[in-house]
Amino acid sequence: MPWVTRGLREGVVTTRYPRRPDGYGEGFRAAVAVVGQPPSGGSAGLAELCPTGAIAAGAKVSVDRGRCILCGRCVAARPEIFAFEASIETSRLHRNLLVTPPEEGAGELERRVRDALAERVRHFGRSFHVRHVDAGSDGSEEWEIAALTGPIYDLHRLGIFFTASPRHADVLVVTGAGTAGMTEPLRRTYEAMPDPKVVVAVGTDAVSGGLVHPTYLTGGGVGDLVPVDVWVPGSPPSPFSILHGLLLAMGKFGERGARR
Amino acid sequence: MSVAGIALTGQVGVQRPELTAAVVEALSGGGRFAGLLGAPRGDGSFELQAVIATTSGFSTIATRLPAGELAYPSLSLAVPAASWYERELHDRYGVEPVGHPRLDPLVLPLPDGDVRPALQPDPLRPATPDPGALEAHASGEGMFTIPYGPVRSGVFEAVEYLVETFGEDIPRLRTRVHHKHRAVDVRFLALDPDDGVLLAERVEGTASVAHAIGYCRALEELGSTPVPAAAELVRVVHAELERIVNHLESMIRHTEGSYQAVANARLALHKERLMRLRAELCGNRFGRNVVVPGGVSGPLRVAPGDARRELERIGDALAGDTAALMATPSFLDRLRGAGVLPPEAVVDHGALGPVGRGSGLADDTRSSRPYGAYPDLGFRSAGARAGGDALARQAVRSEELEESFRLAGEALEELAHERRPLWREGRGPLPDGAALVAVEAPQGELLYLVEVAGGRLDRVKPRPAAFHNFALFPRAFRGDIFTDFVFIEASFGLSIAGVAG
């Protein structure tokens, strides 16, 4: 019975996030932050640093994390303005909330979308089922989502399960920029799911099309195809960031997954 | 120095009726068919290039189709491995291989009369795929077709299988890959050559490092840029870690399908630790942003000695588990005899990577067309196996893990002794021209064809092993039953993003 002892060999390896902080997750470079503003008139050339156009350098410099592919070009060139941010909780409930520093009225917007989502998911209780659709990913997001079912993240302990049927699904997880060939299958899956349902866009490609958009077949994110509720940036996002996105979809909006 | 790449100015040109004869002659002289690539030229003509792998490098045979006459005698009749390449070129550029045995849409189903996107005045104008342009379901008496995908149960990339069956057996299987065709090569043309590597990393996201190396090697070949020795070592560390996790991913799928719950959890644990080690080394779990034209972006972010110790810890734990797995009868019974590829089909097709090596084709770019630090590190190929079934492909992966751990470990050891390492050679302006290089990705030989004009990318065409191998996939179903499917699929180790392009 070699597998019995092998299975016991390492004890419990599962993270305790969201109940407890997780050192690895919280130390992971998951986003770019704006840590300083250039002197007035000194923002020339900043927008051009970014290959996906995530940097806006108007009156105030800001980064759209929904476009950022974490290549670090801006951090290397202008460390006094841009820096990597280590974090788990990078997912947001509105596309506009991915812009950092937050735009005016972001707090009000966040409260509004949060209340609306909380109302919609109040019957999910402590468990929900997830259906995944690949709408043109590069394949890395699938690995990071699948990692959540492994022993370190162990989604099942949180009452989250992947399901083989859209009829059982509460949450739709979409990866990829939204290719023309996946538009119809994605729509059909969404429509086959019972209400209430929540849509999570996983990865920069799914949020905005990232670097692979535009071509004659690739859209600028899946938000044009299905109504997205939770936006998970990253290219690809780490398993922890995806987990955070799923917790938001469950209505756990507070620090480390608390309900409020 | 051995050179795996070639500058394409030296290619052989033939008239279009002679293309097939020239390719057949090259193959009968010991060459392996490695692909048929094509691109529209400025004057409205179209250039076709057949790529032949020789014992030490590559040769290409090119022919030019004049403007308005984009037809030529199909190569697939004599060289069946060319079939998918011709279907892709037909879909995207409207090139007509006359006499092709089955010219069904592959990546872009459009009605026959539709102008192909590449020939539009605005090549980015959205195209509308039409499922009606696909072949109809063929069925015999008592047969029915079960479509599986593109939305699948579980977390998988989008692909559609059409399983034709009487019930339990799978006498015939067809595949459809067009759903996630992104035309990702088109996007290269909008990017600066230094930014192109970021896109290369996203052609097949699970083989980012191999793609980055392939793309950068092509640019380095063109610009005659030498790559510093330390940078080549860092590339080996990341490339071999990538191979290990890809092989592990394939094994994880096998253990999942055979309900080996403990083995499944153990392998997933090792894989996650390796992903974390990769992130420790460079800040990214997929080794992205490391390889850049002319070298690497910088030193490893942890001391090579520490990284080596961690790698050895994981390697030892993993070796024990894979040895136990390869001695677990309830696991082996599911793989043995599943998805047997006919040996002659494998040789004719020139199957790549573990799929080829599980069927007796020993070719591995790291030794047959060596590059980077592999010759210095003394790469030893684990060789090929003859079985041709899922078990043989699994055994190949299991053996290759050992050599990959050794290579990464030795590279780290040498990095620890580098006194004043140089990470990146600045590159001068890129001259006009074309270069074709090969690297060994986890799934097998990856080709990169890059053309530069006026300092800009004029054409970038990756040819992932998955694209070449996937055409063989239906041939693996001979008397297999439904429950074998998961093993046959996992043993191919496919990346659908790479197949669909």
Side-chain angles (χ1 to χ4, degrees), chain A residues 2-4 6-7 10 13 24 28-29 51 69-73 84 131-147 149-153 162-166 173 176-177 179-182 184-186 188-189 205 210-218 235-236 238-239, chain B residues 108-109 117 120 123-129 131 150-151 153-158 178-184 186-187 191-192 195 198-199 201-206 208 249 260-263 265-266 268-269 271-272 275-276 279 283-286 288-289 297 320-321 324 328 495-498:
Chain A
W3 290 111
V4 175
R6 279 181 188 280
E10 306 217 25
V13 295
Y24 173 77
F28 187 78
R29 297 194 324 193
I69 56 167
L70 297 162
C71 70
R73 295 269 198 282
F84 278 115
R131 182 83 168 147
H132 162 255
V133 175
D134 164 18
S137 77
D138 66 23
S140 59
E141 279 91 1
E142 280 71 18
W143 272 25
E144 298 299 55
I145 296 170
T149 58
I152 292 195
Y153 302 97
F162 286 94
T163 171
S165 165
V173 165
T179 54
M182 281 308 292
E184 192 54 23
L186 176 61
R188 282 206 307 266
T189 300
D205 287 359
L211 199 61
V212 296
H213 159 81
T215 74
Y216 56 82
L217 282 176
T218 311
S235 185
S238 77
Chain B
L108 184 59
Q120 299 267 8
L124 294 184
R125 201 185 72 127
T128 313
V151 180
S153 45
V155 184
F156 294 104
E157 286 190 76
H178 66 270
H179 301 92
K180 64 178 294 183
H181 174 48
R182 297 171 293 162
V184 69
V186 170
R187 280 288 295 150
L191 297 177
D192 178 83
D195 288 341
L198 298 173
L199 186 61
E201 287 170 340
R202 287 160 177 82
V203 174
E204 282 181 294
T206 52
S208 292
E249 174 67 18
Q260 304 286 336
V262 182
R266 292 282 299 170
L269 176 63
K271 184 187 168 204
E272 175 64 18
M275 296 297 278
R276 291 182 174 198
N284 186 291
R285 287 164 57 94
F286 290 82
R288 293 179 182 176
N289 314 322
S297 53
D321 285 336
T328 299
S495 147
I496 304 300

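Letters A, B, ... are given to chains in the order of the sequence lines, protein chains preceding strands, and every chain is numbered from 1. Note that the coordinates shown come from a computational prediction; the quantities given were computed from them, not determined experimentally.
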Only counting residues at least two apart or in another chain, list the ones meeting side-chain contact (heavy atoms from CB on, under 4.5 Å) with B:A279.
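For B:A279, the residues satisfying side-chain contact (heavy atoms from CB on, under 4.5 Å) (neighbours in sequence not counted) are A:Y24, A:F28, B:R285.
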
Winner by heavy-atom pair count (cut-off under 4.5 Å) against chain A, out of [options]:
options: B:S495, B:S208, B:G154, B:A263; answer: B:A263
options: B:P129, B:G205, B:P126; answer: B:G205
options: B:H181, B:E201, B:H179, B:E249; answer: B:H179
options: B:A497, B:A127, B:A268; answer: B:A127

Heavy-atom distances under 4.5 Å only: say whether [X] touches chain B with side chain, backbone, both or neither.
X: A:V13; answer: side chain
X: A:A147; answer: side chain
X: A:R73; answer: side chain
X: A:S165; answer: neither
X: A:L211; answer: both
X: A:Y153; answer: side chain
X: A:I69; answer: both
X: A:P166; answer: neither

Quick one: what part of [X] sits under 4.5 Å from any heavy atom of chain A, side chain, backbone, both or neither?
X: B:D321; answer: both
X: B:V151; answer: both
X: B:T128; answer: neither
X: B:R182; answer: both
X: B:L108; answer: side chain

Mind checking the NZ-OG1 spacing from B:K180 to A:T179? Nearest 0.5 Å is all I need.
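Rounded to the nearest 0.5 Å, the NZ-OG1 separation comes to 8.0 Å.
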
Donor-acceptor side-chain pairing of B:T206 and A:W143 below 3.5 angstrom:
no

Determine whether the side chains of A:T218 and B:R187 contain a donor N or O and an acceptor N or O closer than 3.5 Å.
no

Atom of [X], atom of [Y] and distance for their closest heavy-atom approach:
X: B:R125; Y: A:Y216; result: O-CB, 3.4 Å
X: A:R29; Y: B:G283; result: NH2-CA, 3.8 Å
X: B:L124; Y: A:P214; result: CD2-O, 3.7 Å
X: A:P236; Y: B:R288; result: CD-NH1, 3.4 Å
X: A:C71; Y: B:L198; result: CB-CD2, 3.7 Å
X: B:E157; Y: A:G139; result: CD-CA, 3.8 Å

Can you check side chain to side chain contact (heavy atoms under 4.5 Å, CB included) on A:R131 and B:S153, steps first, answer last?
CA-CA 8 Å; A:R131 182 83 168 147; B:S153 45; 4.2 Å; yes

What residues form a salt bridge (Lys or Arg N to Asp or Glu O under 4.0 Å) with B:R276, not counting sequence neighbours?
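Listed in chain order: B:E272.
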
With a 4.5 Å cut-off on heavy-atom pairs, point out which of A:S238, A:G210, A:G72, A:S137 contacts chain B the most.
A:S137

